Amino acid sequence: MQIAETSFDPGFASDAASDSIIANIFDAMLDYDYLARPVKLVPRVLEALPSVEDGGRTYVCRLRKGIQFTPDPAFKGKPRELTAADFAYSFKRILDPAVKSPWLWLLDGKLVGDDALRADAAKSGKLDYDAPFPGLTVVDRYTLKIRLKTADLRFPYVLAVQNMGAMAREVVEAYGRDIGAHPVGTGPYLLGEYRRSAKITLLANPGFRETIYTPEGPVPPASQPVAAALKGKKLPFVGRIEISIIEEDQAQWLAFQQHELDLLNIVPPQFIDEVLDNGKLRPGLAAQGIVHGVLLRPNTWWTYFNMKDPVVGGYTPAKIALRRAISMGYNVDELIRVLLKGRATPALGLIPPDIAGYDPELRTQAQLYDPAAARALLDKFGYKDRDGDGYRETPDGKPLVLERWSRPDSRARQGDELWKKNMDAIGLRIVFKQDRMPELRKMARLGKIPMRDDGWNVDYPDAENFMQLLYGPNTGGENNAQFDLPEFNKLFEQARALPDSPERTRLFDRMTELFLAYAPLRMTYHRLEDSVHHRWVKNYVPHPMRSEVWQFVDVDLRERAAAKR
């Protein structure tokens with residue numbers, strides 16, 4: 001992995017590294033079929049997809065019986081079965097103000113009675129997990145009834161998000177604040193050796209329920225051999241998975257070349273030219289048995305501006321002009337061509353193509369690279385060089401210094417250099433500070449970072465999943481820009497209540513126009529993910545919705561041992 005984990009608490013973690021581990025230790029109610037395309041929701045621990053009542057206002061979820069949590073001292077030596085009450089508890093944790101869950105937006109304002117539940121918790125300082133809650137009713141040991149305030153036919157997507165996985169209450173209470181280092185779930189793997197931010201080992205869960213994969217939708221021709229190899233086989237195949245945290249690109253590529261890594265799920269950009277020729281795997285690597293995969297995962301990347309920061313934040317015309325000038329002064333085409341080696345496409349808005357709510361006809365001009373226009377805009381709003389040092393001051397004559405945070409690795413340093421060159425060209429002084437990703441994420445949630453690059457991989461195939469990143473109530477969670485515009489919030493709430501339709505897409509179009517006008521983000525790119533794996537790795541197919549698919553992957557140990565001799 002290219003970034004370090006932050007926590008294995010499903011309710012608190014939200015980075016790709018942590019979430020990929022969570023998805024293999026914990027079970028959400030639903031999942032996405034491994035090979036079926038287009039992606040298809042399937043049951044994971046439910047007997048079947050939830051039954052829908054009241055036109056989409058009520059979902060009845062029936063669990064399979066006999067699913068067991070992995071053993072833990074919190075269970076006092078007794079087997080512990082997964083029940084409907086575990087999901088009710090875990091969903092309430094997402095709503096608990098004390099947890100500060102970045103996934104609150106998945107449930108907040110949707111469940112019947114959630115406003116009162118959270119208000120009582122805020123007032124008393126503690127959420128009452130035992131109080132009756134009409135939004136979540138445990139009908140019996142294996143049945144949970146979920147009641148929504150309004151019909152929402154997209155709600156099953158929520159039940160497939162890995163961070164909605166079931167936790168056991170006694171485990172959470174036993175470990176308290178350290179629960180993030182003690183994940184106990186019902187999934188295919190459990191946590192073995194663990195060295196924070198260095199190495200994570202997963203072991204196959206010996207008590208994992210019998211699971212045999214059968215595709216539940218059409219499988220593309222290229223994946224048919226994998227479907228045949230999986231037919232009738234019990235999952236997971238691999239008994240031990242070792243995940244290394246390697247932040248430097250060169251170290252990642254060297255470890256793969258030296259057979260220290262079986263799989264590199266994203267080839268570092270600076271080594272793309274060594275791996276690919278015109279988008280195809282180089283013959284020399286193919287001769288070694290290396291396999292190349294390409295994934296058009298729905299994702300979007302940007303640089304955000306903290307709207308509460310005294311330098312780049314604010315909603316006044318002068319502050320908006322500053323952010324728009326910065327955006328127009330930054331060369332995304334050069335970023336893609338030089339730093340990403342062309343393995344991306346420019347992002348004109350938050351919503352990536354092929355996601356419900358994306359509008360290919362929407363044309364925006366707010367963030368096109370135009371340094372001359374950027375300089376003119378700064379001049380117009382009084383950002384001028386008054387002391388002749390080549391850098392502009394604020395309209396009231398005070399020093400103007402942009403502060404950008406990034407990771408302490410070579411790729412981030414290249415990004416800093418491009419920002420420095422671009423900002424120098426429009427007369428803006430910029431300084432750079434670094435920290436590791438877990439710390440950056442903590443600081444971002446607290447609103448302590450003025451500017452930083454960030455991105456989002458799809459959790460479910462709908463525009464809401466991306467637009468929530470600017471929804472005002474999500475500040476302190478995933479709204480790192482701290483953007484809070486009443487008109488945008490109202491449009492988001494209206495869109496959330498509508499089915500996918502041209503009317504709903506128009507609401508997202510208006511939201512896009514608004515945030516481009518206020519410029520809390522400088523949109524950058526949608527990334528193309530190139531993976532490589534050695535010939536002894538079997539059954540690996542990158543998935544658009546799941547960053548890690550380890551339970552389906554097999555390894556030919558004899559072939560690997562022979563290659564290492």
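Keep in mind that what you see is a predicted model, and the values were worked out from it rather than measured.
Remark: the Asp9 side chain and the Ser7 side chain contain no N/O donor-acceptor pair separated by less than 3.5 Å. Side-chain contact annotation: Asn465 with Trp456, donor-acceptor N/O pair under 3.5 Å present. Between the side chains of Asp31 and Gln162, not a single donor N or O lies within less than 3.5 Å of an accepting N or O. Using modelled atom types and a 3.5 Å distance limit, the side chains of Trp405 and Glu403 yield a donor-acceptor pair. Side chains of Gln468 and Asn474: a donor on one and an acceptor on the other come within 3.5 Å. There is a side-chain donor-acceptor pair under 3.5 Å between Ser406 and Asp416. Side chain to side chain, Thr6 and Ser18 meet the donor-acceptor criterion of an N or O pair below 3.5 Å. Between the side chains of Asn479 and Thr475, no donor-acceptor pair is found at a separation under 3.5 Å.
Side-chain contact check for Met443 versus Ile449: some heavy-atom pair is nearer than 4.5 Å. Side chains of Val312 and Lys319 form no contact here, defined as non-hydrogen atoms less than 4.5 Å apart. By the 4.5 Å heavy-atom criterion applied to side chains, Glu464 and Arg504 are counted as neighbours. Counting only heavy atoms from C-beta outward, the side chains of Leu144 and Thr137 never approach each other to under 4.5 Å. Proximity of Asn163 to Phe26: side-chain heavy atoms (C-beta onward) are nowhere separated by under 4.5 Å. Side-chain contact between Val332 and Met523 is absent, with no heavy atoms from C-beta onward closer than 4.5 Å. When side chains are defined from C-beta on, Ile146 counts as touching Phe91, because their heavy atoms get closer than 4.5 Å. Residues Arg118 and Pro97 meet the side-chain proximity criterion, which asks for heavy atoms closer than 4.5 Å.
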Test side-chain contact (heavy atoms from CB on, under 4.5 Å) applied to Glu478 and Ser14, step by step
CA-CA 8 Å; Glu478 291 309 301; Ser14 66; 2.7 Å; yes
Taking it one step at a time, do Glu493 and Arg496 satisfy salt bridge (charged side-chain N to carboxylate O under 4.0 Å, His left out)?
CA-CA 5 Å; Glu493 290 158 4; Arg496 191 161 59 176; 5.3 Å; no
Please evaluate residues Tyr369 and Tyr330 with respect to the criterion ring-ring contact (aromatic ring centres under 6.0 Å, His included), reporting the C-alpha separation (whole Å), side-chain torsions for both, the decisive distance (0.1 Å), and the verdict.
CA-CA 6 Å; Tyr369 175 59; Tyr330 184 64; 8.4 Å; no
Could you walk me through whether Asp114 and Leu107 satisfy the side-chain contact (heavy atoms from CB on, under 4.5 Å) test, starting with their C-alpha distance in whole Å, then the side-chain angles of each, then the deciding distance to 0.1 Å, before giving a yes or no?
CA-CA 8 Å; Asp114 63 358; Leu107 298 176; 5.7 Å; no
Test side-chain contact (heavy atoms from CB on, under 4.5 Å) on Arg93 and Met167 and set out the steps.
CA-CA 9 Å; Arg93 276 194 85 235; Met167 305 178 76; 3.2 Å; yes
Hey, mind stepping through Asp128 and Lys126 against salt bridge (charged side-chain N to carboxylate O under 4.0 Å, His left out) and telling me if it holds?
CA-CA 6 Å; Asp128 185 352; Lys126 186 177 181 180; over 6 Å; no
Test log, rule ring-ring contact (aromatic ring centres under 6.0 Å, His included), inputs Tyr471 and Trp105:
CA-CA 9 Å; Tyr471 181 49; Trp105 61 274; 9.3 Å; no
Assess whether side-chain contact (heavy atoms from CB on, under 4.5 Å) is satisfied between Val184 and Ile25, documenting all intermediate values.
CA-CA 7 Å; Val184 178; Ile25 292 178; over 6 Å; no
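Expressed to the nearest 0.5 Å, how far CD of Gln494 lies from CZ of Arg506 amounts to 12.5 Å. Remark: Leu521 CG to Gln367 CD distance equals 7.5 Å, nearest 0.5 Å. Distance check: Ser101 OG to Ile94 CD1 gives 3.5 Å after rounding to the nearest 0.5 Å. The distance from the CD1 atom of Ile351 to the CE atom of Met467 is 4.0 Å, given to the nearest 0.5 Å. In this structure, the separation between CG on Leu295 and CG on Asn265 is 9.5 Å, given to the nearest 0.5 Å. To the nearest 0.5 Å, atom CD1 of residue Ile245 and atom CE of residue Met437 are 12.0 Å apart.
Contact check on Arg343 versus Glu529 returns no salt bridge, with no Lys/Arg side-chain nitrogen under 4.0 Å from an Asp/Glu carboxylate oxygen. Comment: Asp108 does not engage Lys110 in a salt bridge, judged by the lack of any side-chain N to carboxylate O separation of less than 4.0 angstrom. Note on Lys442 versus Glu439: salt bridge recorded, some NZ/NE/NH1/NH2 to OD/OE distance being below 4.0 Å. Salt-bridge formation is not detected for the pair Arg527/Asp453: no Lys NZ or Arg NE/NH1/NH2 atom is positioned less than 4.0 Å from an Asp or Glu carboxylate oxygen. Between Lys421 and Glu334 there is a salt bridge, since a side-chain N of the basic residue sits under 4.0 Å from a carboxylate O of the acidic one.
Under the side-chain hydrogen bond (donor to acceptor under 3.5 Å, both in side chains) criterion, Glu5 pairs with Tyr194, not counting sequence neighbours. Listed by chain and residue number, nothing satisfies the ring pair (Phe, Tyr, Trp, His ring centres under 6.0 Å) test with Tyr383 (two or more places apart in sequence, or in another chain). Among residues two or more places apart in sequence or in another chain, the ring pair (Phe, Tyr, Trp, His ring centres under 6.0 Å) test is passed with Trp302 by none.
Arg407 places no side-chain N or O within donor-acceptor distance of the main-chain N or O of Arg436, the cut-off being under 3.5 Å. Side-chain atoms of Asn24 come within 3.5 Å of backbone N or O of Ser20 as a donor-acceptor pair. No donor-acceptor pair under 3.5 Å is formed between the side chain of His526 and the backbone N or O of Ala347. Thr303 places no side-chain N or O within 3.5 Å of a backbone atom of Arg522 that could act as its donor or acceptor partner.
The two atoms that bring Pro395 and Phe381 nearest to each other are CG-O, 3.3 Å, heavy atoms only. Between Gly357 and Thr505, the shortest heavy-atom distance links the atoms O-CG2, 3.7 Å. Shortest non-hydrogen contact noted between Ala517 and Arg324 is O-CD, 3.4 Å.
For Arg404 and Phe432, the positive end is not near the middle of the six-membered ring at less than 6.0 Å and at most 45° from its axis. Judged by a 6.0 Å distance limit and a 45° cone about the ring axis, Arg169 is not positioned over the six-membered ring of Tyr175.
Under the 30°/60° scheme for interplanar angles, the aromatic rings of Tyr525 and Trp301 are found to lie parallel.
Counting non-hydrogen atoms of neighbouring residues, nucleotides and ligands closer than 6.0 angstrom, the OH atom of Tyr518 reaches no more than 12 such neighbours. Lys149 NZ: more than 12 foreign heavy atoms inside a 6.0 Å radius. Other residues, nucleotides and ligands contribute more than 12 heavy atoms inside 6.0 Å of the CG atom of Asp500.
If you run salt bridge (Lys or Arg N to Asp or Glu O under 4.0 Å) between Arg392 and each of Asp385, Asp424, Asp379, only Asp379 comes through. Screening Phe515, Phe488, Tyr304, Phe492 for a ring-ring contact (aromatic ring centres under 6.0 Å, His included) involving Phe483 leaves a single residue, Phe488.
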